[in-house]
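First up is the structure itself, then whatever we jot down about it.
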Amino acid sequence: MSKNKKKTIQAKLLAKSQNIFRCPLCSNPMKVAYLSSLICSKNHCFDLSKRGYVNFLSNSIQTRYGKTLFESRKIVWNSGLFERLSENISTKIFNEFKPKSKQITLLDAGCGEGTPLYSIRKRIIQNTSNDFLGVGIDISKEAIDIASKDYSNVIWCVSDLANSPFEKKQFNFILNILSPSNYAEFRRILDDDGILIKVIPERDYLLELRNSFFEPTKKSYSNEKTLARFQHHFKILTADRLRYHFSLDGTLMDHLIQMTPLSWGISDERLLPFSTMNTKKITVDLTILSGKPR
Ligand SMILES: [Zn+2]
């Protein structure tokens, strides 16, 4: 599909859902103008990119999460490593929504290159007749650029979660996968029955990498503080632990190492053994929390 056609399709999707937006600079409502910009009543204007995503940041923010990381993350997600996670989350969402007839609105806060949201969306629309609106935001422009390239029918935005471009009470679900939270903002933009679904690592998440990279004193991981913060702001409805093993071939292992911050600052000697192995078993150990604001 040509970039122009893609931009027009994305602009129409934005126009249909323009009520969810508010200006991140002055909080006034926004409208899509000429199928090419989102503009507020005080004339703050945010143009659609060639591929139709909106960048709400006036200055790009440098993060350690670069293009290579997101490309690797996409390959790892598409390999099936997190299939069970995506299945669990989509089942939660369509079970919750079955009896209702309204549109499902799902925000992925910290969506990266968009593969998790896109895979969850696919499962949900196969299983429900509800209308579905998926919105992904990430602070990394590189990530959103990759997302908008391959995944259509989802609204993609470069945005700071601390100053999100949304009106209050716009989402039935917020998804937050292995990514920092902003609970005040989550509370503001969730609707009255809204549910936050947050995925956090457990003790044995990517255990094999941890054991190989770190000295024994740094090996163990605890999610105690993350869990306490969640519980301070949100009342837990469900907490599902998913623990399983998955076999990755050499190339996928390289991509897994590229995508995880665990490998940052680790010497090549420590990384090398993984690259040279043909097949390696890896442990996935995660908890999927769902909750409502307290
Ligand atoms: Zn404005």
Side-chain angles (χ1 to χ4, degrees), residues 3-63 65 102-114 117 131-149 151-176 179-194 196 233 293:
K3 279 184 180 172
N4 266 347
K5 196 169 173 204
K6 193 164 230 176
K7 185 174 174 178
T8 309
I9 292 174
Q10 287 299 105
K12 283 181 180 164
L13 179 65
L14 270 168
K16 203 176 133 192
S17 311
Q18 62 190 7
N19 291 346
I20 69 171
F21 291 99
R22 75 168 201 188
C23 176
L25 301 176
C26 69
S27 302
N28 277 303
M30 306 194 88
K31 276 196 161 55
V32 171
Y34 310 110
L35 291 181
S36 70
S37 318
L38 258 177
I39 189 161
C40 83
S41 48
K42 283 198 173 163
N43 280 332
H44 297 123
C45 181
F46 302 89
D47 290 338
L48 270 71
S49 76
K50 282 180 191 152
R51 295 199 190 105
Y53 68 81
V54 191
N55 186 351
F56 287 100
L57 295 181
S58 37
N59 299 307
S60 76
I61 290 173
Q62 290 299 318
T63 69
Y65 297 79
K102 61 179 180 177
Q103 185 188 45
I104 300 175
T105 47
L106 169 67
L107 172 72
D108 187 354
C111 65
E113 84 306 331
L117 173 57
D131 277 347
F132 180 89
L133 175 67
V135 182
I137 65 167
D138 203 281
I139 202 158
S140 161
K141 193 177 165 217
E142 279 102 342
I144 294 298
D145 198 55
I146 299 173
S148 64
K149 190 168 143 195
Y151 305 135
S152 43
N153 298 312
V154 171
I155 292 176
W156 302 111
C157 307
V158 183
S159 161
D160 184 354
L161 181 55
N163 183 30
S164 79
F166 305 114
E167 292 282 5
K168 62 181 180 182
K169 298 186 183 184
Q170 292 304 316
F171 297 97
N172 318 126
F173 294 95
I174 294 175
L175 198 57
N176 186 225
S179 180
S181 297
N182 185 315
Y183 291 106
E185 196 64 357
F186 291 166
R187 180 194 298 270
R188 185 181 73 79
I189 60 182
L190 270 176
D191 83 3
D192 291 336
D193 300 323
L196 170 63
H233 297 279

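Indexing begins at 1, ligand by ligand and atom by atom, following the structure's order.
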Going through the checks in order, is the side chain to side chain contact (heavy atoms under 4.5 Å, CB included) test met by Leu106 and Val135? CA-CA 6 Å; Leu106 169 67; Val135 182; over 6 Å; no

Considering residues, nucleotides and ligands other than Lys102, do more than 12 of their heavy atoms fall under 6.0 Å from its NZ?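 Enclosed.
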
Arg187: which residues meet the salt bridge (charged side-chain N to carboxylate O under 4.0 Å, His left out) condition with it, sequence neighbours left out?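 Expected list: none.
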
Could you report the tightest heavy-atom contact between Pro293 and Gly194, atom names first, then the distance? CD-O, 4.2 Å

In terms of the angle between their ring planes, are Phe166 and Phe171 parallel, tilted or perpendicular, with boundaries placed at 30° and 60°?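 Plane angle over 60°, so perpendicular.
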
The Zn ion (ligand 1): which protein N, O or S atoms are under 2.8 Å away? Cys23 SG, Cys26 SG, Cys40 SG, His44 ND1

Member of Asp191, Asp192, Asp193 meeting the side-chain hydrogen bond (donor to acceptor under 3.5 Å, both in side chains) criterion with Lys169: Asp192

